[in-house]
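Order of appearance sets the numbers: ligands from 1, and atoms from 1 within every ligand. Nothing fancy with the numbering, it's 1 onward along the sequence. Computed from a predicted structure; not experimentally measured.
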Amino acid sequence: MPRIALTREVSESIARCELTHLEREPIDVGRARAQHAAYESALRTLGCRVERVEPAPDDLDSVFIEDTAVVFPELAIITRPGALSRRGETAAVAQTLAPYRRNVNIQSPGTLDGGDVLVASRTVFVGQSARTNARGIEQIRQVASPLGYTVIGIRVTGCLHLKSAVTEVAEGTLLLQPRWVDPAPFDGFDTIEVDSDDLYGANALRIGSRVIYPTAFPKTAARLAAHGISLHLVEADELAKAEGAVTCCCLMFEA
Ligand code: GLY
């Protein structure tokens, strides 16, 4: 079964993107695009078929396609992003997903960003953040619980999304930034904490037995390697200025 990774090009105007926890600084679009292309190459190297959703140059954050949907084997939830400026991003993604999955839409007043949703086995952790509200979490629960998933809401403070603070790096193993998320709800999982120097180091993209991980966090990378995690390193610092990380730049699912 092919593994598909949907991506979307870096907007020419990404420097005017949404920012919540970062100071605005200039973004070199050429460099961001080169890093994005290298990231897409990494996805291909690790076995994904990369499909680009149609460009959305006026949707400044559209490269961060993860936030527009949550794709389960059974169906896709089309989100209602918490940032008003991002609401227009979902339509083209829904259209692209339609041949692969039945789409279910998050309805107003619910808001949900895909970056707040961590699916680990049959547990769905959903961050209640500046972007995802309690109504959004309730709607994802109504959809996912009948499918046999356990949905757990988690408060997120200090960072943009739940997956800024915790991601899965191997079956049953989570990489976690304890400054931003309470480890208690993840009882039953093995956890690896980021190095204290790597504030933004908890976002890693697992593809089977490999993990795409930024070059910017060598101490945490060494920690992951010591745990037997096989890393494929990518430069992502230019996109990080737009408050995006490696999970944010694709939507991955099996066709
Ligand atoms: N710039 C990424 C976001 O705020 O959604």
- Could you tell me which non-hydrogen atom of P109 sits nearest to which non-hydrogen atom of N133, and how far apart they are? O-ND2, 2.9 Å

- Nearest heavy-atom neighbours spanning T220 and G201: CG2-O, 4.1 Å

- Task: Report the part of D113 in contact with ligand 1, treating N, CA, C, O as backbone and CB onward as side chain, heavy atoms under 4.0 Å; options are side chain, backbone, both, neither.
- Result: neither

- Show your reasoning for whether side-chain contact (heavy atoms from CB on, under 4.5 Å) applies to R8 and V93. CA-CA 9 Å; R8 214 162 189 189; V93 175; 4.1 Å; yes

- Message: Does the residue A83 have a heavy-atom contact with ligand 1, meaning some pair of atoms that are separated by less than 4.0 Å?
- Response: no

- Query: Among protein heavy atoms, which sits nearest to atom 2 (C) of ligand 1, and what does the distance come to when rounded to 0.1 Å?
  - Reply: D61 OD1, 3.1 Å

Proximal atoms of ligand 1 relative to [X] (non-hydrogen, under 4.0 Å):
| X | result |
| --- | --- |
| A242 | 1 (N), 2 (C) |
| E243 | 2 (C) |
| R86 | 3 (C), 5 (O) |
| L160 | 3 (C), 4 (O) |

Flag the pair [X] / [Y] as yes when at least one side-chain heavy-atom distance between them is below 4.5 Å, and no otherwise.
| X | Y | value |
| --- | --- | --- |
| F253 | L6 | yes |
| I140 | Q142 | no |
| I192 | T173 | yes |

- Query: Is any N or O atom of D67, backbone or side chain, closer than 3.5 Å to an N or O atom of ligand 1?
  - Reply: no

